[in-house]
Amino acid sequence: MTDGSARVRIAPSPTGDPHVGTAYVALFNRTLARQTGGQFLLRIDDTDRTRYQASSEQKIFDALRWLGLDWDEGPDLGGPCAPYRQSERTDIYQQRVDILLNSGCAYRCFCSAETLAEAREIQKKNKMRLGYPGTCRDLDPTEARQRAAKEEPHVIRLRVPDEGQTAFVDQIRGEIRVDNSEIDDQVLIKTDGFPTYHMANVVDDIEFGITHVVRAEEWLISTPKHVLIYQALGQSLPKFFHVPLLRNADHSKISKRKNPVSLDWFREQGYLKEAILNFLALMGWSPADEQEVFDLDRFQQEFNIEKISTGAPVFDLVKLDWLNGMHIRKMDPQALLQRLDEEGFLPPGVSCQDAAPILPLVTERMVRLSEFCDRTDWYFGEPAAPTADQLIPKKGTHETSRMALAGALQLLADVTTFEAAFIEPVLDQILDQNSLKKPQLFMPLRWALTSRQDSPDLIEVIMVLGKDRALDRISRALEILVNTP
RNA sequence: GGCCCCAUCGUCUAGUCAGGUCUAGGACAUCAGGUUUUCAUCCUGAGAACAGGGGUUCGAAUCCCCUUGGGGUCACCA
């Protein structure tokens with residue numbers, strides 16, 4: 001499928017929180033590089049100075065590293081093609097655009113943004129084709145150069161042929177062919193001297209020796225523009241792969257209005273990086289053996305980028321929740337403990353060692369790591385006392401609960417070894433002596449010990465709490481019950 | 001609106017390229033059971049889809065055309 005090693009890249013813009021779409025595309029790019037023994041580069045696309053956010057870059061680095069999607073060359077690592085920040089490469093773009101200017105493939109345009117906006121309004125009103133009217137297309141190059149020399153504000157545009165077609169092969173979708181008349185004379189260099197995405201992207205991909213361009217489908221239709229730039233620069237084309245765009249539930253392009261899209265959010269919610277990667281991998285791809293829970297290694301072994309589906313996947317968190325639970329349960333307890341600690345989900349002041357005894361009781365109940373504190377608050381702290389109502393189960397009465405708690409208090413006091421083998425018979429004995437049904441004993445006890453309805457296995461709760469704490473809570477509950485008629 | 005892309009259960013998908021093995025498979029979710037002291041885990045089962053219409057063919061989810069629907073894009077944003 002892919003001859004030789006793939007040199008690939010992602011080029012996120014530092015304009016906000018690290019986006020889940022960036023991780024999605026990074027996953028495929030990096031995997032392709034790893035599969036072929038190539039390199040995965042990170043380039044920062046910071047040519048839009050108006051939307052630039054200084055803090056964003058580091059957040060992108062952190063989020064991708066957190067996911068394990070590390071890169072081989074980038075702004076922070078350096079590399080043979082440095083610099084990797086587009087704002088630091090303006091002279092390189094200028095050199096290339098000079099070539100285009102000299103060959104006549106590009107020209108200077110002095111129209112102001114306002115003028116063009118007005119023109120567009122008129123086009124809209126008259127239902128004409130929207131686009132650059134070509135005002136400066138045939139300006140005398142010498143005159144244009146002189147005006148530019150006098151620092152008259154201008155942009156540089158690509159001269160797109162009026163006729164003919166531009167075609168390229170998308171490795172996922174096949175040949176894409178567009179009439180040149182549909183393609184506007186693209187701005188290559190903006191008035192502020194910074195390149196547009198189209199220009200910077202193509203020049204950098206050439207300079208970096210990118211062999212496979214793997215990016216989201218939203219770029220599919222602008223690829224002919226890029227092809228035209230490659231051609232004008234006399235360069236051969238990389239292979240293009242346009243992967244499907246993640247969607248909101250209403251099938252529109254994923255957006256933060258309708259979906260959580262910040263990788264930071266997923267991290268704060270207690271999603272495992274393994275689950276996120278697994279989930280993202282499942283968007284457009286599925287393993288041959290239908291075993292949907294897998295790790296990055298197995299994904300790398302089996303993934304074939306050409307097999308990505310062409311449909312548009314809806315980003316549905318419900319399945320991610322399931323995957324997260326599966327990955328939590330798959331983890332080694334020690335590793336899970338450490339992860340809980342690293343991600344800041346242990347209660348304040350609680351160490352891995354402190355949490356070790358309680359962890360096995362809650363792993364099968366956790367969907368997100370963030371639930372750990374809530375599910376174990378009865379163990380690490382003193383929970384609010386249960387009410388009498390809570391101590392009386394549906395199938396019980398005030399009297400059955402009283403007998404249950406009193407029995408437990410009395411018989412458990414005699415148990416010297418707090419282990420399952422000793423506790424279980426005691427519970428049976430309480431049942432027998434008072435002719436209680438199981439729920440009539442277990443539910444009051446559960447509320448007494450944990451102050452919640454959905455606790456782990458009761459015997460394990462009793463063991464982990466220890467004799468003193470268990471008896472204290474039972475007697476506290478009994479008191480509440482007795483004092484409430 | 002022009003252009004481009006896409007179209008299998010509610011959702012993610014297998015099957016489409018090389019038409020028959022598809023009375024369309026799996027997973028999530030839902031529902032119903034089972035295990036069970038609650039919750040959860042786990043197990044079993046059920047319902048649930050080839051957008052529509054024309055072709056081509058002995059035979060179409062698979063190939064072709066049209067329609068419909070959805071999306072993307074038409075910026076000195078990426």
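Chain letters run A, B, ... following the sequence lines, proteins first, then strands; residues in each count from 1.
- The aromatic rings of A:Phe372 and A:Phe380 are tilted relative to each other, their planes meeting at an angle between 30° and 60°.
- Residue contacts for A:Gly284: at a heavy-atom cut-off of 4.0 Å it reaches the sugar-phosphate backbone alone, with no base atom in range.
- Here the separation of B:rC66 from B:rA24, taken at their P atoms, is 30 Å to the nearest Å.
- Within the cation-pi definition used here (under 6.0 Å to the ring centroid, within 45° of the axis), A:Arg96 does not qualify as a partner of A:Tyr93.
- Comparing B:rU41, B:rC12, B:rA14 against the side chain of A:Ser309 picks out B:rA14 as the nearest.
- Judged by closest nucleotide on RNA chain B, A:Arg365 is the one of A:Arg129 and A:Arg365 placed further toward the 5' end.
- The stretch residues 367-380 of chain A does not touch RNA chain B, since none of its heavy atoms comes less than 4.0 Å from the strand.
- Put simply, the side chain of A:Thr135 does not reach to within 4.5 Å of the side chain of A:Phe110, judged on heavy atoms.
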Enumerate the protein-to-nucleotides 75-77 of chain B contacts in which both atoms are nitrogen or oxygen and the separation is below 3.5 Å.
unit_1, atom_1, unit_2, atom_2, d
B:rC76, O2, A:Thr191, N, 2.8
B:rC76, O2, A:Thr191, OG1, 2.6
B:rC76, N3, A:Thr191, OG1, 2.4
B:rC76, N4, A:Cys111, O, 2.7
B:rC76, N4, A:Ala113, N, 3.1
B:rC77, OP2, A:Lys190, NZ, 3.0
B:rC77, O2', A:Asp48, OD2, 2.6
B:rC77, O2', A:Arg51, NH2, 3.3

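- Closest approach to the A:His251 side chain among B:rU13, B:rG71, B:rU73 is made by B:rG71 (side chain taken as heavy atoms from C-beta onward).
- Contacts of A:Ile176 with the nucleic acid, taken as non-hydrogen atoms under 4.0 Å apart, involve only primed sugar atoms and P, OP1 or OP2.
- Among the protein residues, A:Arg452 comes within range of no part of the nucleic acid, since none of its heavy atoms lies under 4.0 Å from any strand.
- Within residues 384-403 of chain A, no residue is approached by RNA chain B to less than 4.0 Å at the level of any non-hydrogen atom.
- Here A:Trp219 lies in heavy-atom contact (under 4.0 Å) with a base.
- The listed nucleotides are B:rG72, B:rU38, B:rU11; the one nearest the side chain of A:Glu218 is B:rG72.
- At the heavy-atom level, A:Pro439 lies nowhere under 4.0 Å from the strands shown.
- Separating the C1' atom of B:rU36 from that of B:rA29 is a span of 24 Å, rounded to the nearest Å.
- Residues A:Arg365 and A:Glu371 have side chains not in contact (no heavy-atom distance under 4.5 Å, counting atoms from C-beta outward).
- The local environment of NZ in A:Lys330 is crowded, with over 12 non-hydrogen atoms from other residues, nucleotides or ligands closer than 6.0 Å.
- Side-chain atoms of A:Asp454 lie closest to B:rU38 of the nucleotides B:rU38, B:rA78, B:rC4.
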